[in-house]
2 protein chains.
Amino acid sequence: MTDTARPTSRDVARAAGVSQATVSLVLGDKWRGRVSERTADTVRTAARDLGYRPNLAARNLRLGRTRTALLVVPTITNEYFARVYTGAARVADDHGFGVVLYPSPEGVGPARDPFGSARAALDGVIASSMAADALAAIGDGGLPLVMLDADPAAPGPAATVNLAIADGMRQITRHVLGLGHHPGDIAHLAADIDTWTFHERAQALADTLGTTPPTERSPLAYQDARRATERLLARPGPPPTALICDDDVLAVGACKALRGHGLRVPDDVSVTGYDDSALATAVEPELTTVALPADAVGAQGMTALLDTLADHPATGTELPVRLVVRGSTAPPRHP
Amino acid sequence: MTDTARPTSRDVARAAGVSQATVSLVLGDKWRGRVSERTADTVRTAARDLGYRPNLAARNLRLGRTRTALLVVPTITNEYFARVYTGAARVADDHGFGVVLYPSPEGVGPARDPFGSARAALDGVIASSMAADALAAIGDGGLPLVMLDADPAAPGPAATVNLAIADGMRQITRHVLGLGHHPGDIAHLAADIDTWTFHERAQALADTLGTTPPTERSPLAYQDARRATERLLARPGPPPTALICDDDVLAVGACKALRGHGLRVPDDVSVTGYDDSALATAVEPELTTVALPADAVGAQGMTALLDTLADHPATGTELPVRLVVRGSTAPPRHP
DNA sequence: CTGTTAGCGCGTTCAG
DNA sequence: CTGAACGCGCTAACAG
């Protein structure tokens, strides 16, 4: 009988012999001292018997808010964003909010109308790791916006939650230098993505090395990273003794390419990742990388949005990151 | 100026000097021969100038449908589900629908009120790879339901889209047997998840081997798979010469454990995965596995839901899978 | 303690 | 060809 028309609150009222308003009060849990215990129970029973579910569209229209936030991410195939979502969803749930995930179709580019496609009616938007122009498209929605892992100097968003991306890159670079690698022997496998987070990494790396390292760019996929690494190895001169990668995925692809050229990790070439995804400990050797508190980012982002919605002054935050040393880095063979 | 109240269709009407109805007709693209070209243009201009966006809640309430489907998945940290989503979203978009992703919080267990948490108002639900009892919770919503990768015999859903899971397991098992592995030397690293898809795998494996292999169960995570494999190796008697895993993630964890015990893959032990995720070619050696047409599953699922919504008779489908032979399998050392 | 009333913003009649 | 009027289902005021 799934074809039965859905009962409305009026149906419940009729069945319970009360008015719609009473139903609303009882089911909305605001009847303390306004409706008799017995009447309340009648209403609840009637609702249950009819299988009543409030019509969200009507409720949203009436209340003018939906208790729903949109989380815009560049891609869904990435553990980091899954963890951001988890953190955001947890906080949201604690406040009776829902989170709808919107993977920006163009990857990192301008989100093509998130408000049309993610058809939900929204109270606010959280956007993670988006390019600046994508931000513009989103900011246009007129909704409160919290940016995650994006340029804190950018205008528009009500609040920003950031990671100490540059600090992480400095830490890992110093770790490699500390192992005895010469600045001139270090190369950079960069993500071919035009966002703040990756600009930061390149900048911090160059700053810490005191020079701009040989760099190849690659999309965030194993095969691409492999090819990019091969381009790096094909350059004239001796191969680097250490390869600093913008992401664990790139690092894994790099390891494959190096191995394919008869180079051993970490004996011949040290490799570092960034993110500390599950992948980092799945491969051999395990990756030296930078751990990111992804769920804290999501949680803080949702908290900031909730604060904004409640007219509390939301501000910018920066979360620390942590160097994780594992087996993919070692002193250079010829110190 | 983000604090400006959002303009309504009435505001647009006022600005354009026409009535609300005219605005609705023009913006709804149903004005051919009912509104003058010039008036229509005035309306469109006014709407653009004001930055008008129709209020979804009101529209949904009026129309009684939301053009939104919910896709329920057991976990978001999985490439397979990301691909299912992509396929579903593509088809949905072609039909003016949106897809909201709902990662069932309890993993595979009963989804705790997907209609409350995924606050969107919904026209239908697509659920992938869910346990039977979770299905019950969802089916209760009274919404059209399409099940993906679930027991086709289960009652309830309007339609089912399935993979030839058993066939895939038969193919990969025959491949291993064909390499010369003895049925008694083959072990099974099973997913510790109580769903149809994994029951099928175990059943098909046992059927093809003609016997129930030594089995360890593990959650879908590298570390767990590693420990499970160690338990397998700790069993009395000679180690297996081939290890058939329910998933690529398990296979990768197994490879780590084997290597830790001084066993080489595939020389000492052959290992197989299932899914053909990006991971399968990221590790060394690359995994022999079964490729799943995940986006086709999502696309078919959405098509079936759309058909159901349009009162077309939707039926069950089964999609073929494909064995992919790579470097992780080889003949046993002592044939 | 309970019922009546009004209106959220939209799309769709029906009368002009 | 256009505008006025109605109601989707719900909840917040207010009246009894």
Side-chain angles (χ1 to χ4, degrees), chain A residues 4-44 46-47 50-67 96 115-116 119-123 142, chain B residues 4-44 46-47 50-67 96 115-116 119-123 142:
Chain A
T4 301
R6 256 177 60 174
T8 74
S9 76
R10 178 134 74 212
D11 296 329
V12 176
R14 201 143 31 205
V18 298
S19 78
Q20 265 188 87
T22 309
V23 172
S24 177
L25 287 177
V26 171
L27 299 184
D29 229 31
K30 338 186 139 160
W31 54 281
R32 328 257 158 211
R34 304 219 252 161
V35 177
S36 78
E37 179 73 57
R38 221 177 59 79
T39 309
D41 219 53
T42 315
V43 170
R44 276 191 292 255
L50 293 177
Y52 169 73
R53 297 186 149 286
N55 179 318
L56 271 321
R59 187 209 290 273
N60 291 343
L61 176 58
R62 181 66 240 256
L63 296 182
R65 60 214 162 100
T66 57
R67 302 186 81 79
F115 314 107
R119 220 149 222 89
L122 306 172
D123 284 347
Chain B
T4 301
R6 256 178 59 177
T8 75
S9 76
R10 180 137 71 214
D11 296 329
V12 176
R14 202 143 29 203
V18 300
S19 77
Q20 265 187 87
T22 310
V23 172
S24 177
L25 286 176
V26 171
L27 299 184
D29 230 30
K30 334 186 143 159
W31 55 282
R32 329 257 158 210
R34 303 219 252 162
V35 176
S36 76
E37 179 73 57
R38 219 177 61 78
T39 309
D41 218 53
T42 315
V43 170
R44 276 190 291 256
L50 292 178
Y52 170 72
R53 298 185 149 287
N55 179 317
L56 272 319
R59 185 208 291 269
N60 292 342
L61 175 57
R62 182 67 181 91
L63 297 181
R65 61 213 162 98
T66 57
R67 301 186 81 78
F115 313 107
R119 217 147 227 94
L122 306 171
D123 284 347

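Every heavy atom of this structure was used, including side-chain atoms; hydrogens, water molecules and symmetry mates were not. Each chain gets a letter, A, B and so on, in the order the sequences are listed, and its residues count up from 1.
Taking the side chain of B:R62 as heavy atoms from C-beta on, and the options D:dC8, C:dT4, D:dC10, the nearest nucleotide is D:dC8. With C:dT2, D:dC10, C:dG3 as the choices, the nucleotide that has an atom nearest any side-chain atom of A:Y52 turns out to be D:dC10. In this structure, the nucleotide among C:dT12, D:dC8, D:dC10 sitting nearest to the side chain of B:L61 is D:dC8. For A:N55, counting side-chain heavy atoms from C-beta on, the closest listed nucleotide (D:dC10, D:dA4, C:dT2) is D:dC10. Among D:dA13, C:dG11, C:dT12, the nucleotide with an atom closest to any side-chain atom of A:A21 is D:dA13. If you check C:dT2, D:dG3, C:dT4 against the side chain of B:S19, the one that comes closest is D:dG3.
When each of B:A58 and B:Q20 is assigned the nucleotide of DNA chain D bearing its nearest heavy atom, the one mapping closer to the 5' terminus is B:Q20. Nearest-nucleotide mapping onto DNA chain D: of B:L63 and B:G17, the residue sitting toward the 5' end is B:G17.
At the heavy-atom level, B:S24 lies under 4.0 Å from base atoms of the strands shown.
Nearest heavy-atom pair across A:L61 and B:A57 is N-CB, 3.7 Å. The two residues A:R44 and A:V26 make their nearest non-hydrogen contact at CG-CG1, 3.9 Å. The minimum heavy-atom distance between A:A15 and A:L50, with the atom names listed, is CB-CD1, 4.1 Å. B:Y52 and B:T8 get closest at one heavy-atom pair: CE1-C, 3.5 Å. Scanning all heavy atoms of the two residues, the minimum distance from B:A13 to B:Q20 falls at CB-N, 3.6 Å.
Note: CG (A:L27) to C1' (D:dG9) measures 13 Å, nearest angstrom. In this structure, A:R14 places its CZ atom 14 Å from P of C:dG3, rounding to the nearest Å. Computed from coordinates, the A:L25 CG to C:dG3 C1' distance equals 11 Å when rounded to whole Å. In this structure, CG of B:D29 is placed 17 Å from C1' of C:dC10, rounded to the nearest angstrom. The distance from atom CZ of B:R10 to atom P of D:dA5 is 12 Å, rounded to the nearest whole Å. Between B:R65 atom CZ and D:dG9 atom P there is a gap of 15 Å when expressed in whole angstrom units. For the pair A:R53 CZ and D:dC10 C1', the computed distance is 16 Å after rounding to whole Å. A:N60 has its CG atom 15 Å from the P atom of D:dG9, to the nearest Å.
For B:S36 and D:dT2, the shortest distance from a side-chain N or O to OP1 or OP2 is below 4.0 Å. Residue A:T39 places no side-chain N or O under 4.0 Å from the OP1 or OP2 atom of C:dC1. Applying the 4.0 Å criterion to OP1 and OP2 of C:dG11, one finds that B:R59 has a side-chain N or O inside that range. Taking side-chain N and O atoms only, B:S9 has no distance below 4.0 Å to OP1 or OP2 of C:dG9.
Neither side chain, B:T39 nor B:T42, offers a donor N or O lying under 3.5 Å from an acceptor on the other.
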- Message: Can you give me the dot-bracket string for DNA chain C, 5' to 3', counting Watson-Crick and G-U wobble pairs with both distances under 3.5 Å, using [ ] for crossing pairs and | for partners on another strand?
- Response: |.||||||||||||||

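Distance check: B:L63 CG to B:D123 CG gives 10.0 Å after rounding to the nearest 0.5 Å.
A salt bridge is absent between A:D41 and A:R38: the closest approach of a Lys/Arg side-chain nitrogen to an acidic carboxylate oxygen does not fall below 4.0 angstrom.
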